[in-house]
A.B. asks: 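I have a structure here, written as structure tokens, and I will follow up with some questions on it.
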Amino acid sequence: MKADKILINGRVYTVNKERDWAEAVCVADNIIIFVGSTDAALEYKDDDTQVIDLQKKMLLPGFIEAHARCARRRRPWPRFPTPAASHSQ
């Protein structure tokens with residue numbers, strides 16, 4: 001499988017107890033398909049792959065906001081009155 005995007009030459013924190021750090025990440029169809037060394041990641045490259053050099057910068061895993069209960073239940077966000085609208089004149 002070839003990657004759509006490869007991030008190389010970074011400090012990738014994996015949140016994996018067996019391997020805390022890596023250099024590169026490969027992504028295909030919005031799914032991480034490889035985490036490891038830059039050299040090994042480049043094996044997933046073809047002519048259409050976007051390669052991003054992280055220049056030794058840190059890459060962290062995504063953080064998901066787990067408190068958006070309204071969105072998960074397909075309900076609209078609650079409407080709160082604005083200060084101007086809450087005061088009757």
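It should be emphasised that the depicted structure is a prediction, and the values quoted were computed from it without experimental measurement.
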A.B. asks: Quick test of your reading: applying ring pair (Phe, Tyr, Trp, His ring centres under 6.0 Å), list the pairs with at least one residue in residues 25-54, sequence neighbours left out, ordered by first then second residue.
C.D. replies: F34-Y44
A.B. asks: Locate the shortest heavy-atom distance separating A3 from C26; write the atom from each residue and the value.
C.D. replies: CB-CB, 4.0 Å
A.B. asks: Count the heavy atoms of every other residue, nucleotide or ligand shown that sit under 6.0 Å from NZ of K2, and state whether that count exceeds 12.
C.D. replies: yes
A.B. asks: With sequence neighbours left out, which residue pairs that include part of residues 47-57 fulfil the side chain to side chain donor-acceptor pair (under 3.5 Å) condition?
C.D. replies: N9-D53, N9-K56, D46-T49
A.B. asks: Run the side-chain hydrogen bond (donor to acceptor under 3.5 Å, both in side chains) test against S37 and tell me which residues pass, sequence neighbours left out.
C.D. replies: none
A.B. asks: Does anything in residues 23-34 form a side chain to side chain donor-acceptor pair (under 3.5 Å)? List the pairs, not counting sequence neighbours.
C.D. replies: none
A.B. asks: To the nearest 0.5 Å, how far apart are CG in L59 and OH in Y13?
C.D. replies: 13.0 Å
A.B. asks: Spell out, yes or no, whether M1 and V35 are grouped together once hydrophobic residues are joined by side-chain heavy atoms under 4.5 Å, including indirect joins.
C.D. replies: no
A.B. asks: Can you find a heavy atom in the side chain of T38 that is under 4.5 Å from one in the side chain of L42?
C.D. replies: yes
A.B. asks: Specify the closest pair of heavy atoms between A28 and I33, including all atoms of both residues, with the distance to one decimal.
C.D. replies: CB-CD1, 3.9 Å
A.B. asks: Measuring only between side-chain heavy atoms, which start at C-beta, is I8 closer than 4.5 Å to L54?
C.D. replies: no
A.B. asks: Name all residues meeting the side-chain hydrogen bond (donor to acceptor under 3.5 Å, both in side chains) criterion together with K17; count only those two or more places apart in sequence or in a different chain, and write none if there are none.
C.D. replies: none
A.B. asks: What about L60 and V15, same hydrophobic cluster or not, with Ile/Leu/Val/Met/Phe/Trp/Tyr joined at side-chain heavy-atom distances under 4.5 Å?
C.D. replies: yes
A.B. asks: Is it true that atom CD1 of I52 has more than 12 heavy atoms of other residues, nucleotides or ligands lying nearer than 6.0 Å?
C.D. replies: yes
A.B. asks: Using the side chain to side chain contact (heavy atoms under 4.5 Å, CB included) criterion, which residues pair with E18? Sequence neighbours excluded.
C.D. replies: N16
